[in-house]
Each structure stands twice: as C-alpha cells, then as structure tokens.
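One structure below.
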Number of protein chains: 2
Amino acid sequence: MSTVPTIHDVARAAGVSIKTVSNVLNDNPKVGPDTRARILRLIDELGYRPNLSARGLRSGKTSMIALAVPSLRENYFAELADSVIRAAARRGLRVVIEQTNGDRELEIEALSGGQLRFVDGLLFSPAQLGQKDVDLLATRGPVVLLGERIFGGPTDHVTMHNSSSSCAAVEHLLSIGRTRIALIGAPVETEDNASSASLREQGYLRALEAAGIASDDRLIVREGHWGRETGAAAIRSLRRDGIEFDAVFALNDTLALGALRALGEAGLRIPDDVAVIGFDNIDEGRFSLPSLTTVDPGRLEIAETAVDLLVERIQEKGDRMPARTVKAGFSIVARESTGFHNADDSD
Amino acid sequence: MSTVPTIHDVARAAGVSIKTVSNVLNDNPKVGPDTRARILRLIDELGYRPNLSARGLRSGKTSMIALAVPSLRENYFAELADSVIRAAARRGLRVVIEQTNGDRELEIEALSGGQLRFVDGLLFSPAQLGQKDVDLLATRGPVVLLGERIFGGPTDHVTMHNSSSSCAAVEHLLSIGRTRIALIGAPVETEDNASSASLREQGYLRALEAAGIASDDRLIVREGHWGRETGAAAIRSLRRDGIEFDAVFALNDTLALGALRALGEAGLRIPDDVAVIGFDNIDEGRFSLPSLTTVDPGRLEIAETAVDLLVERIQEKGDRMPARTVKAGFSIVARESTGFHNADDSD
DNA sequence: CTATCTAGGTACAACGATGTACCACGCACA
DNA sequence: TGTGCGTGGTACATCGTTGTACCTAGATAG
C-alpha cells in the first residue's frame with residue numbers, strides 16, 4: 001500500500017525533468033529515442049499512471065462524458081448505453097451514466113447541474129423535456145441531443161427516421177395482407193406533435209393512406225407510458241371493445257412484448273390471427289415467443305454518431321460550427337410475429 | 001459562453017478571501033452567518049460550481065466510483081447498474097460503467113488499470129477471473145467484489161445465498177408435486193466448484209436428497225453460456241434424447257426465458273406439462289408469457305450493501321479492517337410458470 | 001489596565017500535471 | 001570565426017481547490 005508514484009518519481013528515477021516525462025506521455029516529439037525508451041521502461045516498472053484529476057485541472061479535459069437516460073431498466077436504454085460505452089471506449093473516453101428516471105427536475109439538473117462541470121460533454125436523451133424547453137439546451141458545455149422530443153435546438157442532434165421507418169413497418173404488415181392494423185402506444189392529445197409517438201403515428205397514417213385504406217380511430221390506442229403493461233392493456237382494451245384487428249403496430253418493442261403476452265393469454269395465434277411488429281430492435285425480441293418483428297432504428301449508428309459529434313464539439317476551438325442533425329438509417333427485421341423465420345440476426 | 005466562474009470570482013465579488021468561500025462550500029463553521037449568506041447568494045447569482053478536477057486533485061477524492069460488469073445487454077447487469085447508480089447517487093457519488101465483455105484481459109485491466117486511478121473505488125463483478133486469480137484483487141484502491149467466482153480474497157465481498165436459495169427453488173417445485181426436475185445451465189466439468197453454477201447445482205442436489213429423490217444425471221444439462229439460446233437448446237436437447245421431465249430449474253432467468261420459448265415451440269403447456277423456475281428476478285420475467293417464477297437474490301440489497309462497503313473503505317484511515325463478506329437475503333417469487341397468479345410484484 | 005481567548009477571518013503552499021519561455025550544445029555554412 | 005538553427009532538453013508558472021499557519025479585533029477575566 002505504498003504511495004502512488006507521480007510524474008516526479010519517474011523523472012527522478014530517470015534523471016530528467018518532469019516535463020520530459022510529460023512529453024513522453026503526450027507523444028511530444030521533443031524527446032530523444034533513448035531517453036524516451038528509458039522513461040517508458042521506468043513508467044512500466046514503477047506502475048506509474050497519470051493522475052486524471054491533475055491532468056483534467058491543467059488541460060480542462062477529463063476524458064469522460066456523461067450519458068443521461070431515463071433508466072437502464074428500459075432495455076432500449078441499456079442497449080444504447082452499451083453501444084455508447086463501446087463507442088466511447090474506442091475513442092479513449094469513459095462514460096458516467098446519469099439516470100433521470102423520467103423526472104423533469106433531474107433532466108434539468110443533468111443539463112445545468114454539476115455533470116457538465118466535470119465531464120467533457122453530455123449525451124442527453126430526454127423523456128420529459130419537450131420543445132418548449134429548447135432553451136435549456138444552451139448549456140456551457142458540449143451537448144448532443146438524442147431522441148425526438150426537441151428539434152431545432154442549439155446543439156447537435158442524433159435522431160432516427162421515426163416517420164418513414166414507421167411507414168415501412170406498416171407497409172410490412174400490409175405486404176402480408178393485413179388491413180386492420182391496430183396502433184398501440186399512440187400519443188395522447190396533449191403531446192408535442194414532434195414526439196417519437198407522434199412522428200411514428202404519422203408514418204402509420206401515411207402508409208395506410210398510400211395503400212388506400214381508411215384509418216380507423218378505434219384502432220388507435222393512446223397511452224402514456226411505453227411499458228409492457230401498457231401493451232398488454234391495450235390489447236385487452238381493444239378486445240373488450242370488440243374492435244376487430246389482424247395486426248398490431250406497437251410503437252416500441254416493450255409495448256409489443258406486452259401485446260404478445262396479452263394476445264397469447266387471449267388464445268390468439270401469432271401471426272395467424274394477429275401479426276405484430278414493434279420498434280427498437282431490442283435483444284429481447286429475438287427470443288420472445290414468437291420472436292418479434294421490429295424496426296431497427298440504427299442504435300449502433302446512433303451511438304457511434306453521437307459520440308463522434310460530441311468529440312468534435314469537445315475539440316472545437318473558438319469558431320463554433322452550426323448545430324447539425326443526423327438521422328440514422330433504419331431497417332425492418334422480419335421475424336416470427338409477422339410470419340418470418342430464422343431471420344439472419346447477427347448483430 | 002463567457003468563462004466559467006471560479007472560487008476567485010466569488011471571493012472577489014464578495015470582498016473576501018477564496019478560503020472563506022471554500023469554507024462556506026465545505027460547511028466549515030469558521031464563517032459568520034451574514035458572510036455565509038452573502039456568499040451563498042453570490043454563488044447562486046454567478047452560477048458558480050466547484051471544479052471537480054481541482055477538488056479531486058487537492059483532496060485525492062473524485063466522488064466517482066466505477067462499476068465493472070460484463071455487459072449492460074445482460075438484463076441482470078443492467079438492473080444491477082440501475083440499482084448501483086441509485087444507491088451511489090444517494091451518497092453523492094457518480095458511477096462510471098466499465099464493460100468487460102467477458103474478456104479476461106479487460107477484467108484484469110479494470111482491476112489494475114487506469115480506472116482505480118481516477119475513481120475512488122471499484123465495484124467489480126467478474127465473469128472470467130476465478131479463484132486462482134484471487135491475488136489480482138489486491139489492488140491499490142478500494143474494491144468490493146460482487147458475485148461468486150472468487151472467495152476468500154483480500155477485498156470486501158457481496159454475494160448471495162446461491163446454494164440455499166437454489167435449494168428453496170427446488171423445494172418450491174417439489175411442493176407443487178414435481179419430481180422429474182431438469183437443471184439447465186449447470187456447470188461444466190472444468191469449472192470452479194465455487195462458481196454460481198456449482199453452488200446452485202449443490203442446492204438443487206441437496207433439495208432432491210432431502211426429499212428422498214434420487215438425482216438423475218440425464219436431467220442435468222451442462223452448458224457454458226447463460227443466454228436465451230442456451231436455455232432453448234437445453235430443452236430441445238432433453239426432448240431429443242427422450243428424457244422425461246415435469247419441471248425445469250434454470251440457473252438464471254435468461255436461460256429460463258429461453259426454455260419457456262422452446263417449451264412453447266414444442267407445444268408443451270406451462271405449468272401444466274412443465275413448471276419452470278428461474279433465478280435473478282429480472283424485470284422481463286414479470287411480463288413473459290407465462291410470467292416466470294424465480295429466485296429473487298436480493299439485487300437491491302446487494303447494490304446498497306456494496307456501495308456502503310465501498311464508501312466505508314474509501315473513508316477508511318490507516319488501520320484497515322479485515323475483509324468482510326455479506327450475503328443478501330433471497331426470496332422465491334411465485335408466478336405463472338409454476339401455477340401462481342398475480343403475485344404481488346411491486347418492486 | 002493588561003493578558004488571554006475566541007470568532008472570523010487572511011495568506012500561502014500544495015496537489016500533479018501541462019504550457020511557455022528559455023537555454024546549451026553541436027553542426028552547417030558563409 | 002562568428003552566426004544561425006535544430007535538437008533535446010530545463011525551470012517555472014499555472015490550473016482551482018483545500019489544509020496549515022497565522023493574524024486581528026473585540027470580549028472576557030483577573
């Protein structure tokens with residue numbers, strides 16, 4: 001349990017100044033090859049590692065970024081966090097996770113609070129803040145916004161093709177002959193019309209219209225929380241009301257999995273009686289019974305892009321380039337819940 | 001985008017020395033009430049926040065801990081991370097997540113590498129390191145070990161009642177009249193006999209023995225990876241070999257969910273034909289079809305305890321107390337897969 | 001009236017790294 | 001032989017805090 005070696009210890013051992021050691025650490029060319037080799041060897045022998053607090057203090061950079069998401073218990077966010085951590089690790093960054101728990105105050109705190117004081121940047125995925133809170137994004141540090149709740153803000157923004165991928169999802173159902181397509185998880189009246197829910201609903205309506213099918217409000221179940229319970233409840237409510245349907249488009253996979261459960265309980269066969277498609281492509285859908293057809297919104301690409309944009313902002317000198325918006329590519333992953341089997345499902 | 005205020009700015013505005021401001025920040029009593037109030041007001045007005053790098057450099061503490069787990073894509077670890085982040089937040093700590101991806105080198109790196117240089121402590125849940133790597137735990141910084149792969153190490157250790165809770169799981173199956181109980185996810189021959197898998201198998205065997213039922217090796221499926229695929233494959237293999245069974249004890253929930261899927265595919269009714277119990281109590285099991293009976297190993301308690309122990313170690317002065325081991329309490333959560341309904345399932 | 005104490009401060013060093021400025025040396029060249 | 005320049009370094013200030021030591025004015029005690 002001896003004391004931790006500092007750059008001074010290395011310098012003393014090597015008989016050079018601390019600055020020379022620092023130059024070695026930072027690949028500064030002003031060091032002769034033999035001096036460099038000797039110092040590297042000593043660093044290794046002594047087990048020296050630079051103190052990141054000191055480095056952070058001096059350089060103003062901590063090599064850490066924060067990721068603020070509602071909760072890791074939501075699979076989508078756990079998987080997003082996984083992707084972000086990997087993407088960050090490849091760039092030498094570590095990730096602090098901040099859970100906002102769907103709490104507006106915590107989201108505001110994540111933006112304005114301590115976080116940005118000790119990380120180099122923030123990836124922020126709001127669940128409560130909406131379009132009218134756009135000004136809160138004008139923070140002191142670099143922020144990249146994720147998701148669909150706020151558009152046109154002052155920060156870079158990585159989002160997905162909510163509307164067109166939803167349209168494609170519905171087209172997928174139409175292509176297998178379904179016409180009475182229930183929509184579950186649709187936005188409630190009060191919601192922003194640029195929310196994920198609204199955009200996805202617009203895609204749904206567009207696909208129906210393009211196919212010449214009149215939309216039926218009774219098929220649209222509007223509910224707030226995108227959880228499994230909601231998905232199950234939506235199916236039960238449709239059946240209780242005697243609404244006929246031969247397919248379900250759930251606005252996320254968790255809803256879809258809840259729907260699968262309720263459909264199964266009701267003795268309906270999937271996809272024979274009801275086909276189901278979800279949205280997000282979470283791992284769980286690969287192994288549900290039946291496996292879940294879904295929209296892959298490009299989570300990997302979202303994570304990579306978001307970290308890239310953030311890194312650019314962190315490195316940015318004086319002249320700020322304008323805010324950018326990137327939409328990840330999407331695809332439909334066809335599985336059993338719409339009658340497909342053994343889709344090649346490598347990640 | 002003006003420059004970030006420092007303690008000097010606050011001091012200047014208040015007409016006091018920086019130390020006085022520092023004293024206010026640290027609740028040092030040597031400040032008069034009116035001076036304190038004035039400084040607090042100015043801190044608020046200027047939007048001053050202490051620079052954590054500087055504080056970390058000076059105090060040697062960063063108020064951050066690391067959590068090293070295999071992957072957030074495994075639900076158990078995502079939920080554990082959620083609990084740890086909450087527990088840490090309550091104690092004013094932030095959590096950096098390190099994914100080791102089941103990679104031995106990354107696990108070693110997490111222990112010996114940079115992490116412990118810039119966090120105050122590490123919660124470490126190994127998936128590759130085993131009993132013979134116990135010496136690697138003797139790191140420079142505070143570490144709390146999670147899980148069952150290593151015992152008797154130099155660090156505090158939070159674990160679960162693997163063996164007795166498994167025994168209870170099997171007793172649960174026995175209590176509903178099952179006697180041909182398949183065990184899936186059992187350890188392979190080469191494994192440590194203190195791994196989770198081995199301990200849980202021991203519980204299984206003990207319960208059978210206590211009930212006077214001879215164990216049958218053919219009912220024990222030994223497989224390495226605890227994934228859904230493995231669970232499904234185990235069921236298929238049992239059926240292919242014509243082994244009769246009326247219950248399944250899966251050594252984790254993910255295996256159990258895979259098993260549910262394969263049982264469903266095979267047209268077997270759950271729990272009528274086969275009852276299933278898992279282990280971990282992940283969220284997903286509440287909403288599977290049927291919902292999954294499982295062992296709750298006390299994840300919340302594990303997270304709270306682990307953070308508590310770590311905090312104690314971080315605060316510890318010279319005299320180190322000996323390593324402690326804490327086992328969390330467990331319970332059986334009975335759900336549909338063993339014939340129970342609507343268990344009270346609040347978290 | 002002087003000595004002592006306490007509350008409420010102040011000044012300065014230190015934490016461990018990096019940036020700036022500068023220096024010594026050897027070599028090439030006019 | 002003096003000048004210029006590149007190479008490989010050094011010394012010192014600095015980042016924003018907190019700890020240590022010290023100071024001062026007023027109250028209190030003798």
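Every chain is numbered from 1 and lettered A, B, ... according to where its sequence line falls, protein lines coming before strand lines.
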Can you tell me the distance, in whole Å, between the [atom1] atom of [X] and the [atom2] atom of [N]?
X: A/Asn28; N: C/dT18; atom1: CG; atom2: P; answer: 10 Å
X: B/Phe118; N: C/dA17; atom1: CZ; atom2: C1'; answer: 16 Å
X: A/Arg58; N: D/dT17; atom1: CZ; atom2: P; answer: 15 Å
X: A/Asp34; N: D/dG8; atom1: CG; atom2: P; answer: 9 Å
X: B/Ile18; N: D/dG19; atom1: CD1; atom2: C1'; answer: 12 Å
X: B/Lys61; N: D/dT17; atom1: NZ; atom2: P; answer: 19 Å
X: A/Ile7; N: D/dT14; atom1: CD1; atom2: P; answer: 19 Å
X: B/Leu52; N: D/dT18; atom1: CG; atom2: P; answer: 10 Å

- Nucleotide of C/dT20, D/dT17, C/dG8 approaching A/Lys19 most closely (side-chain heavy atoms): C/dT20
- Item | Nearest listed nucleotide, side chain of B/Ser17, among D/dG16, C/dT10, C/dA17 | C/dT10
- Note on the structure: Of B/Lys30 and B/Leu57, the one whose nearest nucleotide on DNA chain C sits closer to the 5' end is B/Lys30
- Message: If you assign each of B/Pro33 and B/Ala54 to its closest nucleotide in DNA chain C, which residue comes earlier from the 5' end?
- Response: B/Pro33
- Query: Regarding B/Ser71 and B/Asn101, is there a side-chain donor-to-acceptor distance under 3.5 Å anywhere?
  - Reply: no
Using a cut-off of strictly less than 4.0 Å, decide whether [X] has a side-chain nitrogen or oxygen near OP1 or OP2 of [N].
X: B/Thr6; N: D/dG16; result: no
X: B/Asn26; N: D/dT18; result: yes
X: A/Ser22; N: C/dT18; result: yes
X: B/Ser59; N: D/dT17; result: no
X: B/Thr35; N: C/dG8; result: no

- In A/Arg149, A/Gln128, A/Arg104, the residue satisfying side-chain hydrogen bond (donor to acceptor under 3.5 Å, both in side chains) with A/Asp133 is A/Arg104
- Indicate, yes or no, whether a donor-acceptor pair under 3.5 Å links the base of D/dT17 to the side chain of B/Arg55. no
- Task: State whether the side chain of A/Glu107 and the backbone N or O of A/Ala127 hold a donor-acceptor pair below 3.5 Å, judged by distance alone.
- Result: yes
- Message: If we ignore hydrogens and angles and just use 3.5 Å, is the side chain of A/Thr62 paired with the main-chain N or O of A/Phe118 as donor and acceptor?
- Response: yes
- Test A/Arg324 against A/Glu312 for side-chain contact (heavy atoms from CB on, under 4.5 Å), laying out the working first. CA-CA 11 Å; A/Arg324 296 160 293 180; A/Glu312 281 179 32; 2.5 Å; yes
